[in-house]
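Keep in mind it's a predicted model, so treat the numbers as computed, not measured. Counting from 1, the numbers follow the sequence of the chain as shown.
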Amino acid sequence: MGMIIHVYRDNFADCTNGGVSSQYDGLCVVNVDGPFDPCDQYPAAKLVDDAPMGRPYPKIVPLDLLESNKWVMFGGNLANASDSRWRIAVEKSGGGPAGALPIFDRVEA
């Protein structure tokens, strides 16, 4: 079970190199409490904080990319939800009170 989050993107261009956030309007974050399961409309993703510089840096990474161990980058799209459980999860992971996080779904060949 997880939380549905919505993808926010610019209509200018796809900077994700065909990433999941360019193809779907939402994702299901499976490591945040919520009543939803991933499906064809909402692929699975995780809230990740690897603290690359020793400080919190929470982000969203699609589950298939996370499990593939591919190098992922920020593709320019953001994710957020209006559910208070989402905001609480983001704050616990070190993110700001607004709750919007970058989606790391860009992979270069």
### Task
Carefully, step by step, assess Asp25 and His6 under the rule side-chain contact (heavy atoms from CB on, under 4.5 Å).
CA-CA 6 Å; Asp25 292 329; His6 302 284; over 6 Å; no
### Message
Under a plain distance cut-off of 3.5 Å, with no hydrogens placed, do Asp49 and Ser93 share a side-chain donor-acceptor pair?
### Response
no
### Query
With respect to Leu101, which candidate in Leu78, Asn80, Leu47 satisfies the side-chain contact (heavy atoms from CB on, under 4.5 Å) definition?
Leu47
### Query
Which residue, Asn17, Val72, Thr16, forms the side-chain contact (heavy atoms from CB on, under 4.5 Å) with Val107?
Val72
### Query
Are Leu66 and Ile60 connected in a single hydrophobic cluster, I mean Ile/Leu/Val/Met/Phe/Trp/Tyr linked by side-chain heavy atoms less than 4.5 Å apart?
no
### Query
Are Lys70 and Asp105 close enough for a salt bridge, meaning some N to O gap below 4.0 Å?
no
Close side-chain approach of [X] to [Y], heavy-atom, < 4.5 Å:
X	Y	value
Trp86	Val32	yes
Ile103	Leu27	yes
Val48	Phe104	no
Cys28	Asp37	no

Minimum heavy-atom separation for [X] and [Y], please, with both atom names.
X	Y	answer
Val7	Ser21	CG1-O, 3.5 Å
Gly94	Pro56	CA-CB, 3.8 Å
Pro35	Met1	O-CE, 3.1 Å
Ser22	Asp14	CB-OD1, 3.4 Å
Gly26	Pro43	O-CD, 3.6 Å

### Message
Just checking Asp33: does its CG atom have more than 12 heavy atoms from other residues, nucleotides or ligands closer to it than 6.0 angstrom?
### Response
no
### Message
With rounding to the nearest 0.5 angstrom, report the CZ to CZ distance, Arg106 to Phe74.
### Response
11.5 Å
### Query
What's the verdict on side-chain contact (heavy atoms from CB on, under 4.5 Å) for Lys46 and Val61, showing C-alpha distance, side-chain angles and the deciding distance?
CA-CA 6 Å; Lys46 278 194 167 185; Val61 181; 5.7 Å; no
#### Entry: Ile4: hydrophobic cluster co-members (side-chain, 4.5 Å)
Phe36, Tyr42
